[in-house]
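So the structure is just underneath, and the comments pick up after that.
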Amino acid sequence: MILDIINKKANNYELTKEELETIFLGYLKGEVKDYQMSAFLMAIKINDMSDSEIFALTDIFIKSGDILDLSYIKGPKVDKHSTGGVGDKTTLIVAPLVASCNIPVIKMSGRGLGYTGGTIDKLEAIPGFKVSLTEDEIKKQAEDIGLVIISQTKDLAPLDKKIYALRDVSGTTDSIPLIASSIMSKKIAGGADKIVIDIKVGKGALIKNEEAAKRLSSLVIKIGSYYQKEVRTIISNMDRPLGNNIGNLLEVIEAIDILDNKKKGNLYDLSIEIASKMLSMAKNIQEEEARKEIITNLNNKKGLEKFFEFVKYQHGNLENVEVKAKVYNIKANKDGILKDIDALNIAKLSLNLGAGRKTKDDKIDYNAGIVIKKNIGEEIKKGDILASLYTNVDSINFNIERIFEIS
Ligand code: URA
């Protein structure tokens, strides 16, 4: 029976919801083996899925676990998701900005694995910060300050979690229908009804080309409307890192700088865009009007105040925070113009400095990371500091030419 379903997909026939349930729920129960599911996922990657198969799969993922009830929040529940990037700390900026405009944000976030970071790791870099709260605590915090960010509970779309781990080791992470149902099942199970999805495309992203990004965009919007959820998407570039800091505590520091209106650039622009879309949906106003409100609350520091209030409420202590690591500077080996900074290679370096996990049980060094000191287009002199590396490991290997293109 399982073999028939695998062969049907491998031969490019459309599967029924019952067939999808048989194989996916069988996998959740342990009756379908990893090697069978790997073959099946590869057949999906090669032959794609129809819209009705994608809706069915999303439904199976959602119903595999709990569905969060956020009905105690009056009005629409807004959320955001990123397909994963290098230096992407937008949640830390966007969530307080939106909440500062009186729209509650109750958000579940994940940890990082491999080259991509996770919001929860960044928050845990703040001494004392608590990422697990009880339902009563979440509700009280939502009512008191309108902003809660917690780690994803294990009961939210558990089938997606199990499938994602297998996709990671079976060459199927980049399948667009699998990404679409994975993201949307978690957002819907998380109680959101207005969702912004930031689709990263480029060298440092899961999705390498614009065409695949557009397909994903149209799919998540379709899945959203199937569930009566409003979804808006942004396709953003990930050839280069977002902002200047990569690494958990360093990223928190950069997020504060943006909220403190001390910094502009690609991180600022993307954060404003995501926050404006969220606010526009939540208040049912034009994006341009929402953008003005978001920028006002950035300029008058209401977003920053909300961030500090939220960190304090979740027991974080930002007083006297310092990055505890040895610092090494990468210096330019020639004169020229800085043409490119490779997001993927910088992420690999950051991982080797201790800032990320190579396997899911690895421990993170919250202090490790990279601060990029030069911007694309800047004139560089031999000996200029291109980046500072923060690490507690003894030996670092990297190839400067693979990260910084100077010509
Ligand atoms: N993010 C997810 O949650 N799932 C995917 O499959 C890819 C990115």
Side-chain angles (χ1 to χ4, degrees), residues 79-82 84-101 105 107 109-112 116-129 131 145-151 196 198 200 234 236 238 240-276 278-279 294-295 297-323 343 346-347 350 355-356 364 366-372 388 390:
D79 201 351
K80 72 161 280 266
H81 188 85
S82 152
V86 181
D88 186 353
K89 67 284 281 173
T90 50
T91 294
L92 302 182
I93 301 162
V94 162
L97 274 174
V98 173
S100 76
C101 299
V105 179
K107 183 160 174 48
S109 289
R111 292 179 195 283
T116 54
T119 301
I120 289 302
D121 295 325
K122 300 179 213 280
L123 288 170
E124 277 190 328
I126 302 170
F129 194 95
V131 298
I145 66 165
L147 175 56
V148 188
I149 305 178
I150 41 161
S151 75
V196 176
D198 176 20
K200 304 280 187 206
I234 296 168
S236 67
M238 198 22 82
R240 295 161 182 173
L242 201 53
N244 293 73
N245 295 15
I246 296 125
N248 297 287
L249 189 53
L250 291 167
E251 293 195 34
V252 172
I253 292 168
E254 190 175 26
I256 293 172
D257 280 347
I258 297 275
L259 287 167
D260 204 8
N261 206 11
K262 286 191 177 145
K263 229 181 140 169
K264 297 278 192 295
N266 63 358
L267 175 61
Y268 175 95
D269 294 342
L270 182 61
S271 302
I272 298 289
E273 197 180 346
I274 297 171
S276 305
M278 287 169 78
L279 196 65
I294 291 292
I295 291 178
N297 277 15
L298 196 129
N299 291 340
N300 64 19
K301 312 280 168 87
K302 285 210 172 135
L304 180 66
E305 280 164 29
K306 185 56 77 181
F307 179 78
F308 286 142
E309 186 180 29
F310 144 76
V311 168
K312 194 165 168 208
Y313 210 108
Q314 285 187 227
H315 308 278
N317 182 1
L318 279 165
E319 268 167 48
N320 309 320
V321 161
E322 55 169 325
V323 182
I346 213 151
S350 171
I364 281 190
Y366 294 115
N367 295 284
I370 302 166
V371 177
I372 299 165
S388 297
Y390 293 76

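No experiment lies behind these values; they were computed from the predicted model shown.
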task: Please identify each residue that fulfils ring pair (Phe, Tyr, Trp, His ring centres under 6.0 Å) with F129, with sequence neighbours left out.
output: F310
message: Using the side chain to side chain donor-acceptor pair (under 3.5 Å) criterion, which residues pair with N244? Sequence neighbours excluded.
response: K263
task: Specify the closest pair of heavy atoms between A99 and V105, including all atoms of both residues, with the distance to one decimal.
output: N-CG2, 4.1 Å
field: Exercise: identify the closest heavy-atom pair between I246 and E251
entry: CA-OE2, 3.6 Å
- prompt: Which residues pass the side chain to side chain contact (heavy atoms under 4.5 Å, CB included) test with N299, sequence neighbours left out?
  reply: N261, I295
- line: Here the gap from K122 atom NZ to I364 atom CD1, rounded to the nearest 0.5 Å, amounts to 9.0 Å
message: Is there a side chain to side chain contact (heavy atoms under 4.5 Å, CB included) between N248 and L123? Walk through the geometry before answering.
response: CA-CA 8 Å; N248 297 287; L123 288 170; over 6 Å; no
message: Within the 4.5 Å heavy-atom criterion, are V311 and N317 side-chain neighbours or not?
response: no
task: Determine, stepwise, if the pair K306 / E309 fulfils salt bridge (Lys or Arg N to Asp or Glu O under 4.0 Å).
output: CA-CA 5 Å; K306 185 56 77 181; E309 186 180 29; 3.0 Å; yes
task: Quick one: list whatever passes side chain to side chain contact (heavy atoms under 4.5 Å, CB included) with T90, sequence neighbours left out.
output: K80, D88, V94, L242, L267, L270, S271, I274
message: For D198, give me all partners under salt bridge (Lys or Arg N to Asp or Glu O under 4.0 Å), at least two apart in sequence or on another chain.
response: K200
query: Under the salt bridge (Lys or Arg N to Asp or Glu O under 4.0 Å) test, which residues partner K262, sequence neighbours left out?
result: D260
- prompt: Roughly how far, to the nearest 0.5 Å, is the CG atom of L298 from the CD1 atom of I258?
  reply: 8.0 Å
- line: Sequence neighbours excluded, the answer for side chain to side chain contact (heavy atoms under 4.5 Å, CB included) partners of S388 is V327, N329, K373, I385, Y390
query: Under a 4.5 Å cut-off applied to non-hydrogen side-chain atoms, are L147 and F307 in contact?
result: no
message: Minimum heavy-atom separation for G243 and N266, please, with both atom names.
response: N-OD1, 2.9 Å
query: Are L304 and P96 side-chain neighbours, meaning at least one heavy-atom pair lies under 4.5 Å?
result: no
query: Is there a donor-acceptor pair under 3.5 Å between the side chain of S276 and the backbone N or O of I272?
result: yes
query: Of the non-hydrogen atoms in A355 and G247, which two are nearest, and what is the gap between them?
result: CB-CA, 4.1 Å
message: When you compare the side chain of N245 with that of I370, does any pair of heavy atoms fall below 4.5 Å?
response: no
- prompt: Hey, what do you get for CD1 (I253) to CG (D257), rounding to the nearest 0.5 Å?
  reply: 8.0 Å
message: Restricting to side chain to side chain contact (heavy atoms under 4.5 Å, CB included), what partner residues turn up for R111, sequence neighbours left out?
response: I120, D121, E124, V131, R357
task: Report yes if the side chains of K89 and V252 come closer than 4.5 Å at any heavy-atom pair, otherwise no.
output: no
- request: Can you measure from NZ (K301) to CZ (F308) and round to the nearest 0.5 angstrom?
  value: 10.0 Å
task: Decide side chain to side chain contact (heavy atoms under 4.5 Å, CB included) for V148 and Q314; before the verdict, give the C-alpha distance in whole Å, the side-chain angles of both, and the deciding distance to 0.1 Å.
output: CA-CA 8 Å; V148 188; Q314 285 187 227; 3.9 Å; yes
message: Nearest 0.5 Å, please: how far is SG in C101 from CG in N297?
response: 4.0 Å
- prompt: Roughly how far, to the nearest 0.5 Å, is the CE atom of M278 from the CG atom of D79?
  reply: 6.5 Å
statement: Looking only at heavy atoms, the pair that brings I294 and A275 closest together is CD1-CB, 3.7 Å
